[in-house]
Amino acid sequence: MALDKYFEPREAEPEIYRRWEESGAFVADADSEREPFVISMPPPNATGTLHTGHAVMLAIEDLMTRWRRMQGYEALWLPGTDHAAIATESRVIGDLQKQGMPDPRHELGREGLLQAIREFVADSQDTIRRQIRAMGSSCDWSRERYTMDPQLNRVVIAVFARMFRDGLIYRGPRIVNWDPALQTTVSDDEIDSQERTAKFYTLRYGPFLVGTSRPETKLGDTAIAVHPDDERYKDYVGKTYEVPWPKGPTITVRVVADSKVDPEFGTGALGVTPAHSHIDFEMAERHDLPLIQVIGEDGRMTEAVGPHYAGMTVEECREAFAAELDAAGLLESVEDYQQNTSICYRSKQPIEPLPKPQWFIDVNKPAVPWKGQRLSLKQVMRDAVASGDIRILPEHQERTYFHWIDNLRDWCISRQIWWGHRIPVWYRGEEEMYVGHRPPGAGNVDEAAREGWEQDPDTLDTWFSSALWTWSTLIDPELAEDETLDLRHLLADSPDFAKFHPTSVMETGYDILFFWVARMILMTTYATGEVPFRTVFLHGLILDRDGHKMSKSKPETAVDPLEVIEEQGADVLRLSMLLGNAPGVDLKLTKERMVGSKRLINKLWNAAKLVDLTLDRILGDARAEGHPEAPADVEHPVNRWMLARVRELVERTTSRLEAFSFGDAAEQIRQSFWGEFCDFYLEAVKVEPLASARETADVLGYAYRTYLALFHPFVPFVTERLWAELFAAGDDEMLIRARWPEAADGHRYPDEAEGVAAVERLVQAVRGLRVEQNLDAGAKIELEVRPLAHDATLRSAEEIVGRLVRAESVTFVDSDPSERPGAAVAVDPAFQAAVRLGSADRDAERQRLEKQLADAEKRLVGLEKQLANENFVTKANPNAVEAVRKNAEDCRATIESAKERLAVLGE
RNA sequence: AGACCCGUAGCUCAGUUGGUUAGAGCGCUACGUUGACAUCGUAGAGGUCAGCGGUUCGAGUCCGCUCGGGUCUACCA
């Protein structure tokens, strides 16, 4: 059969994917005896389209999954999507507004808006699914999950209820990060800080001078805080003052001593506003201070500030109050200063800290049974990584993880939006509260409403449900319909959970280590008693050529993965993201990078054509279909060498993959394939005696087949296609199901490996001579070789050397060919080689020799110095010393030979 | 402010527990189409490993400091 001139990914890839999927190769078997290898795909948001972050995630996870599947693991890669509460709701609301509906929440109502969101999600899920397929992802679509699937909802509520019973979930007034624009709380992690210039006001405040950038909050102060050691204020601590604010309320403040106060900053005295500052709230708890809310959810001042200021926006009030203070002579100074303001990472609007009743997860309560103790969630999270149960790569991220845990506060899990898992709590009046899967009483909504029950309007933080992802996806959907089963039984009776949890690797970007990875550890250890995964592999960010994170706001530098797939194929995109990939290392994805990948794929294709022709030529009609097995033993040194190289490559590649060094693994295969297989072996098999040896067909077929298998997890499409073309595999013998190569026992051949290395050096040396002597590239040369080692191997490669250096003749001699004056000579520990120079350019040869001599002498000086150093000889590793000795010897030989040569030339 | 990462060839990056002459791809230069491949081949140029100091027989590699770049966290009334 003849291969096409080029591989056409656009036509080939979808067809290949279809064959994989229809063959059932992606589907994992929970009943199998094989050891499982499991990856839960980080669920893309059900809103958008595939970006480079998804692409690198898919490339790496598919690589691991294919490789482990080929190794014989029961590989499960479970795909899915996330409902992405805030992102999705604000996207749909935005779309509706653009279509002319100014306030969709009001116009559609809760159920109407949810319906609109559901329709939008269904649509974009299809898009995401198509795009995941286009990447070549070998994930198990039969197990696809969505965070809002019924059995996942069921689990979310079950976990909430259990945590509530265990006292790990509580409701309390807390300062939350309120976004007045989105009318919702946002978590600490959803806040960005933005530097801006603000005014810093210093006010007369009772007997003190107090600095603030937010005078309007002073209307709600309940204390003044100073540092306990601050001599200036020592006498004031404990006293209470009445402070009448102009046109505002008279506030009562107590002076408290708190070590959180920096005596160096401002005046060293600060007004404490417990209702509108996290740090002040904590102080208020320590000193038991009252809390006055002066800013409302709408971002306007409340009634508490009196009729003059009430109803103003925060900014208006700041101006107005400052003006009144100034008029009353209470404003000491106003200066500009740089301030970091918290803004919501989604709405980009300022965050307003407010007190609100919210649901929290208590991370400090020792209520979790873990390894025979009762620990807090925080302690369990720490132990899971510190004990080595979970390994984080790159390792240094473990330190970041611990640092984060140490600073972790209770996790606010309620959100004032509609899209998401609604908090499963019902209230009746102020007193009664009910937590459960169904409404209280008869279990239906209307009935409960008639009895006066009202469900909490809030929904759960998206990360609450995604924190369960590694195992909520493994719950049997039919079991989940049985509401009499508790969480323990749901887990125990789900075959997928038994077989596939804990998962093997969690692969994701380091930017969501805290958002997601840490919370999976928290939730999973609590709910299942198991860790969610054994290894966390954090990939780097994909950067544009300027080293910035790619973003849609800069389309000129961004690479659109879908465009690359369309134009060049998924293999090119994948390889570009995998070559050079290392844990946690950011990757610049550029056009140049993709050129390199494209060329490698092209080389793979072209080599296949030659392999195909050669196999036909040697075997003719005897060429059998199927996959060439490893030949037991072969005779020719070059064939032995090839088998030895393949053997070593298999070992290197496998160990690199086991170490998660994906880029390194790809590089190993590339170097061996291009440098050893293509540039040397494929040239060697063009000449006799290899060209017609039966054993060459065995080695060639086996070697190429091995390269295809090693490359397959990186570039699955083109390798699958070539596998079919060369080895005529049926659907049940596709490469995706082939065995991962193993290092064959017999293929060691150390002598031939060294001998052929000498052949390669000989070829390179002679090629160098050609260039240095300015020999016409077309000229045929006469080469004389005197082997000093590996005699048989060098002689066996006579024809090969002749072809590779374009020699008219290659003659093996017994005497030193360097004694002939009319020749250029190369020396090596294994050989001396001379090229007859018809009309020799002796000056060039002399120059070359002198340079060689100088280099060798310089090097010898260094080596001898090292050997003369007694400390080195006695203390250093004996192997290192021996290596230096050997090296010095070679140097001396080179020097001697060059000197002799120069003498001959001088005659 | 604190923590962490990075600084190696023109560009993008490797460099495994310290050990001979620091590597690869792209780019560049010269030459070359001999039936897989010009999306190719051969050869070559190009690096005081950011700087300073230390440990060591020996440092790109370990330690300290300085400079430069980045990320995260906390934020200061």
Side-chain angles (χ1 to χ4, degrees), chain A residues 3 5-6 188-189 193 200 210-214 217-218 225 260-262 264-273 277-280 339-340 342 394 396-397 399-400 403-404 407 510-511 513-514 541 545 547-549 579-580 582 584-593 595-614 655-656 659 661 663-664 667 670-671 678-679 682-683 686 763-764 767-768 770-772 774 776-778 803-806 855 858-859 862-863 866 869-877 879-881 883-888 890-891:
Chain A
L3 274 82
K5 191 160 172 58
Y6 296 117
D188 289 349
D189 304 313
S193 78
F200 187 72
V210 161
T212 182
S213 62
R214 300 200 56 187
T217 62
K218 302 298 98 183
K260 285 275 159 142
V261 178
D262 176 4
E264 304 295 321
F265 189 89
T267 61
L270 81 101
V272 182
T273 320
S277 154
H278 290 282
I279 190 159
D280 291 7
Q339 183 198 34
N340 286 316
S342 297
H396 69 82
Q397 291 286 1
R399 278 196 290 269
T400 319
H403 186 251
W404 181 79
N407 293 309
Y510 62 73
D511 47 339
L513 177 62
F514 307 133
L541 302 177
R545 80 176 86 86
H548 298 113
K549 200 170 165 173
L579 271 167
V585 176
D586 293 346
L587 193 95
K588 289 187 192 175
L589 187 63
T590 58
K591 292 226 157 60
E592 296 76 36
R593 209 184 179 93
V595 168
S597 310
K598 180 127 196 175
R599 287 184 186 169
L600 177 53
I601 289 165
N602 186 252
K603 191 75 176 173
L604 200 54
W605 187 264
N606 282 311
K609 286 196 263 185
L610 182 57
V611 170
D612 195 38
L613 289 172
T614 309
S655 73
R656 297 298 199 283
S661 295
D664 202 6
E667 190 59 30
R670 196 188 68 78
Q671 300 235 351
C678 291
D679 290 347
L682 283 183
E683 292 304 319
K686 286 176 183 169
V763 168
Q764 193 166 16
R767 280 169 172 168
R770 290 188 75 109
V771 172
E772 281 156 10
N774 291 319
D776 174 16
R803 178 185 170 87
L804 292 179
V805 304
R806 307 198 60 199
D855 285 352
K858 190 176 156 202
R859 211 172 131 227
L863 292 168
Q866 207 172 355
N869 182 337
E870 208 163 307
N871 279 320
F872 173 67
V873 179
T874 53
K875 290 187 189 173
N877 181 323
N879 291 336
V881 178
V884 173
R885 281 220 175 91
K886 169 86 166 52
N887 217 280
D890 290 349
C891 265

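Residue numbers begin at 1 in each chain, while the letters A, B, ... track the order of the sequences. Quick caveat: nothing in here was measured; it's all calculated off a predicted structure.
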Looking at Lys218(A) and Thr212(A), what are the two nearest heavy atoms and their distance? CE-OG1, 3.8 Å

Applying the 3.5 Å cut-off to both distances, the Watson-Crick or G-U partner of rG64(B) turns out to be rC52(B)

Complement of rU16(B), any strand, by Watson-Crick or G-U distances under 3.5 angstrom: none

Distance, nearest 0.5 Å, that separates CG of Leu610(A) from CD of Glu683(A): 8.0 Å

Looking at every non-hydrogen atom in both residues, tell me the closest pair between Ala607(A) and Leu682(A) and how far apart they are. CB-CD1, 4.0 Å

Quantified in whole Å, what is the C1' atom distance between nucleotide rG60(B) and nucleotide rU17(B)? 16 Å

Considering only rC37(B), rA24(B), rU34(B), which nucleotide approaches the side chain of Gln671(A) most closely? rA24(B)

Euclidean distance, atom CG of residue Asn606(A) to atom P of rC40(B) [Å, nearest integer]: 9 Å

What closest approach, in Å, do Val261(A) and Gly268(A) show between heavy atoms, and which atom pair accounts for it? CG1-O, 3.6 Å

Quick one: pull up CZ in Arg670(A) and CG in Leu579(A) and give me the separation to the nearest 0.5 Å. 7.0 Å

Taking rA9(B) as the reference, what is the distance to rA22(B) when you measure between their C1' atoms (whole Å, please)? 11 Å

Applying the Watson-Crick and G-U wobble criteria at under 3.5 Å, what pairs with rU34(B)? Answer none if nothing qualifies. none

Any strand, both distances under 3.5 Å, Watson-Crick or G-U wobble: rA59(B) pairs with none

Would you mind telling me which residue lines up with the more 5' stretch of RNA chain B, Gly596(A) or Trp605(A), judged by nearest nucleotide? Gly596(A)

Would you classify Gly211(A) as touching base, sugar-phosphate or nothing, given that sugar-phosphate means primed atoms plus P, OP1 and OP2, and contacts are heavy atoms under 4.0 Å? base

Looking only at the side chain of Arg670(A) (C-beta and beyond, no hydrogens), which of the listed nucleotides rA24(B), rA77(B), rA36(B) gets closest? rA24(B)

Which part of the nucleic acid, if any, lies within reach of Asp679(A) when heavy atoms closer than 4.0 Å are counted: base, sugar-phosphate only, or nothing? sugar-phosphate

Using whole Å, what does the distance between atom P of nucleotide rA77(B) and atom NZ of Lys218(A) come to? 10 Å

Whole angstrom value for the distance that separates C1' of rG70(B) from NE2 of His396(A): 12 Å

What distance, rounded to whole Å, do you find between the two C1' atoms, one in rA30(B) and one in rC72(B)? 50 Å

Sub-4.5 Å side-chain heavy-atom contact between Lys686(A) and Thr614(A): no

Side chain of Ile279(A): nearest nucleotide among rC76(B), rA36(B), rA77(B)? rC76(B)

In whole Å, I'd like the distance from the CG atom of Leu682(A) to the P atom of rC40(B). 15 Å

Between rA77(B), rC37(B), rA24(B), which nucleotide has the shortest distance from any of its atoms to the side chain of Thr212(A)? rA77(B)

Does OP1 or OP2 of rA43(B) have a side-chain N or O of Gln764(A) closer than 4.0 Å? yes

What is the nucleic acid contact for Arg803(A), judged by heavy atoms within less than 4.0 Å: base, sugar-phosphate only, or nothing? nothing

Per atom distances to the Glu667(A) side chain, the nearest of rU34(B), rA24(B), rC5(B) is rA24(B)

Starting at CG of Leu610(A) and ending at P of rU39(B), how long is that distance when rounded to a whole Å? 18 Å

From NZ of Lys5(A) over to C1' of rC40(B), roughly how many Å is that when rounded to an integer? 11 Å

Rounded to whole angstrom units, what separation is found between the NZ atom of Lys603(A) and the P atom of rU39(B)? 12 Å

To the nearest Å, how far apart are His278(A) NE2 and rA74(B) P? 10 Å

Would you classify Phe200(A) as touching base, sugar-phosphate or nothing, given that sugar-phosphate means primed atoms plus P, OP1 and OP2, and contacts are heavy atoms under 4.0 Å? sugar-phosphate

Of the listed rU39(B), rU12(B), rA36(B), the closest approach to the Arg593(A) side chain comes from rU12(B)

Compare side-chain N and O positions of Arg599(A) against OP1 and OP2 of rG25(B) and report whether any pair is under 4.0 Å apart. no

Interatomic distance at P, rA45(B) relative to rU29(B), whole Å: 16 Å

Atom C1', compared across rG68(B) and rC75(B): separation rounded to whole Å: 25 Å

Base, sugar-phosphate, or nothing: which does Gln397(A) touch, judged by heavy atoms less than 4.0 Å apart? nothing

Any side-chain N or O of Lys686(A) less than 4.0 Å from the OP1 or OP2 oxygen of rA36(B)? yes

Upstream residue (5' side of RNA chain B) when Arg214(A) and Lys598(A) are each assigned their closest nucleotide: Lys598(A)

Do Leu270(A) and Asp280(A) have side chains that get closer than 4.5 Å, going by heavy atoms? yes

If only side-chain N and O atoms count, and only distance matters, is there a donor-acceptor pair under 3.5 Å linking Asn606(A) with Lys609(A)? yes

Check the geometry between Trp404(A) and rU73(B) and answer yes if their rings are stacked (centres below 5.5 Å, planes below 30°), otherwise no. no

Ignoring hydrogens and geometry beyond distance, is the side chain of Glu683(A) in donor-acceptor contact with the base of rA36(B) at under 3.5 Å? yes

Pairwise P distance for rA50(B) and rG32(B), with rounding to whole Å: 40 Å

What is the pairing partner of rG2(B), taking Watson-Crick or G-U wobble pairs with both distances under 3.5 Å in any strand? rC72(B)

What's the gap between rC11(B) and rU73(B) when it is taken at their C1' atoms, as a whole Å value? 33 Å

For rG44(B), which nucleotide is its Watson-Crick or G-U wobble mate, given both distances must be under 3.5 Å? rC28(B)

Whole-angstrom distance between rA77(B) and rU12(B), as gauged at atom C1': 47 Å

